[in-house]
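Below is one structure, written out as structure tokens; the observations come after it.
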Amino acid sequence: MAKDIKGSPLAASFDYELYEGDPDHLRTVVAAPAPAGSYIDPASIKLKHRIGRGYFGDVWSATHHQSATDYDEHHEVAVKRLHPINEDQVKAFLSKFEELWVKLKSKQIQGVCWLHGITVISGKICIVMRSYEGSVGDKMARLKKGKLQLPDVLRYGFELAKVIQELHSMNVLVLNLKPTNFLLNEHDEVFLGDFGIPYILLGVQPPDSDLALRRGTPNYMAPEQWEPEVRGPITCETDAWGFGCSIIEMLTGVQPWFGKSVQDIYRSVVINQEKPQLPGGLPTAIENVLNGCFEYDLRNRPLMVDILQAFESSKNAVYSEVEGSDIGGTLSDKSKTCGFTTWFLSKDLLQVGDTIRSRKMFNSRNSQDLAVLEGSVVGLEKDTDRDGFVLVRVPNLRSPLRVNASTIERVTYGLATGDWVRLVNENKNHFSVGILHSVQRDGSVTIGILGLETLWTGHSSEVEKVDPYILGQFVQLKSNVETPRFEWPKKWGGGWATGRISQILPNGCLVVQFPGRLVFGDEPNTFLADPDEVIEVSFDTCPGIIKKYQHLEDFHWCIRPLSIALSLLTAAKLGVSVGKCINAKLKKDSKDHRTKDGEVGGKPAWLRPNILFKEGAATAR
Ligand SMILES: Nc1ncnc2c1ncn2[C@@H]1O[C@H](COP(=O)(O)OP(=O)(O)OP(=O)(O)O)[C@@H](O)[C@H]1O
């Protein structure tokens, strides 16, 4: 997969280019769409010069000419001209943009870059927006060390988190959070630019294969954003990663993964599961929430509302900078309960009347200390804190139990978050087994499914529970799978190898290691697997002693040479002891049967070798 990722040079954002085309004869390649609120006549836009260039296109300074019988005006605007997309997809893009535009205008969200509309110039989609003073990225570039003061970062962070949360509540994801997309007006107020473009582009096939990866800007991309249909889904928590990266950059003046190629960033973030480093000395709430933003499993990351809370509570915090200090990862790891972060647990707060069961460890079948199969919440000590205690009534127990809320989970229509489910009506476009991300009390569910870039949404009646896969489980390809979806290694003697699940991605995609294979050098030994294509292998399911032994070989590649060595040793030892026994027996017999003059059994013990040989040969014949 990594080999498909190609670098793409990112030009400096301060490029200056004059528009050379004839603005009066702009070509519109698609038939103008049905008049829609957001569509602007391309003839009314005059591009002047380019002011920036990014992953999704370039930004131009332009004028927008508007006239009617009683007015004739020219406005200064900024135009984001996107890279070309396939002609047949332009219409789809325009209508998706129109949807977004209507949503934004109806909600009148403050804090997003003001959009005038959209048009198509020379075959390229152009988003026409208000012209701002510049971006946070520009401001940082002007500063000596390239970094902002904590109060500014906290103020920008708070304002941005507020607007991103509003967009999330409308099911709009940003997916391209970074300082150059945070625009500033003349009063140093921050506005979110470029929102929604990567989200609208999801599923749109670009003509250039290099553009296939433009689901964000590599330095700011969450692990699932690189291959959403394989390692996804992309959710609101994907923006938490980009937000965290932007805050770090504003604080340190250094872009995350600075100086690394796209390929190297992919390896660091996706394969090696590394996290950007936080600077030391931050207010605790900010440090905690930023650590949470870099959880590999998106379900363990905070929501924008958590981020907002942390920034609000730290508004007046004092920053004691500790250069080069590294606290990355430690806090969030400590704050985990059985593999779940507090951010995960706070996404679903219990209510009186909820049906519950003991929470299993993350990706495991084991419950924590107490196994309550079913109970109902009859009282809450604190309803806002996942660390609080709740009173649970359990069948056959007279008094309610007092349990920690983090050790139990809500069950609605027989389903709980994290359950493995199958869609009852199979869909040809994607696979049908996945992991439940949420089940609401009204029965609506969201599911992460391999092959889907975003969450599947539906009703609990459309899904059924299936056996879960767990970490450490051995799996094999099903016998009817001839060409697996992902590469699957073979054993030495042919036949598919058996592997062990080392990680389960939020869409149910399995990361499988093959400890039974001996690999050399850089040869990969970890592969992805579609949960629908594999079955569990265990000693219980292996029929017969030979199959059981073969399964033993899956545990480590050295089992086979070791068992061969052992059997040779045993055989050799057996041979020696059998030899010794025979010798001893022969000696004993010879003693018993020895007669006078050295005769054995009536034969002379000193027969010449050639005579013995002849006898042996005669016997053999
Ligand atoms: N509406 C605007 N008004 C004024 N300047 C803008 C506006 N939008 C963008 N810019 C300028 O253009 C620069 C580059 O913006 P652009 O969005 O093209 O770059 P990027 O964010 O690096 O890339 P991309 O968003 O394509 O990934 C910004 O840093 C800012 O200086």
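Just so it is clear, the structure is predicted and the values come from calculations on it, not from any experiment. Each ligand, and each atom within it, is numbered from 1 in the order the structure gives.
Residue contacts with ligand 1 for Arg130 involve N, CA, C or O but no side-chain atom from C-beta outward (heavy atoms, distance under 4.0 Å). Counting heavy atoms closer than 4.0 Å to ligand 1, residue Thr180 contributes atoms from both its backbone and its side chain.
Contact atoms of ligand 1 toward Ile51: 5 (N) (distance under 4.0 Å to a heavy atom of the residue). Taking every heavy atom of Ala78 and a limit of under 4.0 angstrom, the matching atoms of ligand 1 come to 1 (N), 2 (C), 3 (N). Atoms of ligand 1 found under 4.0 Å from any heavy atom of Asp138, numbered from 1 in the order shown, are 29 (O), 30 (C), 31 (O). Contact atoms of ligand 1 toward Asn181: 17 (O), 21 (O), 25 (O) (distance under 4.0 Å to a heavy atom of the residue). Atoms of ligand 1 lying under 4.0 Å from any heavy atom of Thr217, numbered from 1 in the order shown and given with element: 27 (O).
Considering Phe191, Trp60, Tyr132, Phe182 only, the shortest heavy-atom separation from atom 4 (C) of ligand 1 involves Tyr132. Considering each of Lys139, Lys80, Met129, the one bringing a non-hydrogen atom nearest atom 8 (N) of ligand 1 is Met129.
Using a non-hydrogen distance threshold of 4.0 Å, Ser131 registers as a contact of ligand 1.
Exactly one residue among Leu505, Asn507, Ile504 makes a side-chain contact (heavy atoms from CB on, under 4.5 Å) with Ile435. That residue is Ile504. A salt bridge (Lys or Arg N to Asp or Glu O under 4.0 Å) with Glu237 is found for one member of Lys347, Arg301, Arg299 and no other, namely Lys347.
Asn219 approaches Phe258 most closely through the heavy-atom pair ND2-N, 4.3 Å.
Phe182 and Tyr132 have their aromatic ring centers separated by at least 6.0 angstrom.
For the pair Lys315 and Phe158, the cation sits on the ring face: its NZ or CZ lies under 6.0 Å from the ring centre, inside 45° of the axis. Geometrically, Lys275 does not engage Trp257 in a cation-pi contact defined by less than 6.0 Å to the ring centre and at most 45° from the axis.
Between the side chains of Thr238 and Glu224, at least one donor-acceptor pair of N or O atoms lies under 3.5 Å.
At under 3.5 Å, not a single nitrogen or oxygen of Glu133, backbone or side chain, sits near a nitrogen or oxygen of ligand 1. Inclusion of Phe56 in the set of residues having an N or O under 3.5 Å from an N or O of ligand 1 is warranted.
In this structure, Tyr220 and Pro179 have side chains that are in contact, with non-hydrogen atoms separated by less than 4.5 Å.
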